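Worth saying up front: this structure is predicted, and the values here are computed from it rather than measured. The analysis underlying the following values was restricted to heavy atoms, covering all of them including side chains, and did not include hydrogens, waters or symmetry mates.
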Amino acid sequence: EGQLLESGGDLVQPGGSLRLSCAASGFTFSSYAMAWVRQTPGKGLEWVAGIWSSGVKTDYADSVKGRFTVSRDNSKNTLYLQMDSLRVEDTAIYYCAKDKWSFALDIWGQGTMVTVSS
Amino acid sequence: IQMTQSPSSLSASVGDRVTITCRASQSISTYLNWYQQKPGRAPKLLIYAASNLQSGVPSRFSGSGSGTDFTLTIGGLQPEDFATYYCQQSYSGLGVTFGPGTKVDIK
């Protein structure tokens with residue numbers, strides 16, 4: 001069974017930037033699409049971004065398109081989320097997750113908290 | 001694609017049969033997944049492709065449906081099943097969206 005460990009969450013001012021990382025272990029990282037999903041505490045789940053196994057193809061939620069960039073380094077078994085022009089409404093727990101089938105997500109990290117506030 | 005779930009919450013007793021419905025705003029074939037989430041924990045995949053049980057998930061969980069209407073059934077609620085349940089559509093080319101969730105608590 002694989003594991004995912006997110007890092008990089010922090011308190012940042014509106015308009016600022018942050019990069020999240022997700023270290024994968026226990027499975028062949030380069031063979032699977034990966035995703036970022038976020039959750040405002042006490043609220044529901046929101047798809048943020050997905051990236052296919054090669055890293056060539058990506059997909060974003062409309063709410064983050066043009067501000068967030070998902071990438072991966074298959075040599076380091078690591079997934080990234082570059083977040084620019086952050087807004088108060090981006091405040092959430094950010095989870096990375098592994099794709100099982102068409103973005104059915106079977107392995108999740110523990111989440112990292114991002115707070116956007118002045 | 002918009003996803004709706006009903007009910008938004010329900011109260012049930014141990015041993016009850018529970019059914020949660022998820023509806024998509026347009027046809028998604030069987031690109032529908034179900035997750036369970038407990039407070040302070042990451043979501044857990046229960047069912048993928050509408051009716052396939054994820055490895056390690058108890059057989060009291062089952063899913064059905066295709067097109068726009070889907071159902072998650074818990075056949076005999078156990079104490080560890082009290083949680084929030086989310087559906088998710090992942091129909092190719094139309095983005096990925098989650099339903100708003102259904103909270104199952106103890107009656």
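- Per-residue counts of heavy-atom pairs under 4.5 Å with chain B were compared for A:Leu105, A:Ile93, A:Ile107, A:Asp106; the largest is that of A:Leu105.
- In this pair, B:Phe98 and B:Tyr86 present their aromatic rings perpendicular. The plane angle is above 60°, beyond the 30 to 60° band.
- When the candidates B:Ala49, B:Pro43, B:Gly99 are compared by the number of heavy-atom contacts under 4.5 Å with chain A, B:Pro43 comes out ahead.
- B:Gln37 and B:Thr84 share no donor-acceptor pair across their side chains, judged by distance under 3.5 Å alone.
- A:Lys43 touches chain B through its backbone: at least one of N, CA, C or O sits under 4.5 Å from a heavy atom, while the side chain does not.
- Between B:Val104 and B:Leu77, the closest side-chain pair of non-hydrogen atoms falls below 4.5 Å.
- Only the side chain of A:Asp59 comes within contact range of chain B, with heavy atoms under 4.5 Å apart.
- Of the two parts of A:Tyr95, only the side chain, counted from C-beta on, holds a non-hydrogen atom closer than 4.5 Å to a non-hydrogen atom of chain B.
- Under the 4.5 Å side-chain criterion, counting only non-hydrogen atoms from C-beta, B:Leu32 is in contact with B:Met3.
- Judged by distance alone, with hydrogens and angles left aside, the side-chain atoms of A:Asp73 form no donor-acceptor pair with the main-chain N or O of A:Leu79 at under 3.5 Å.
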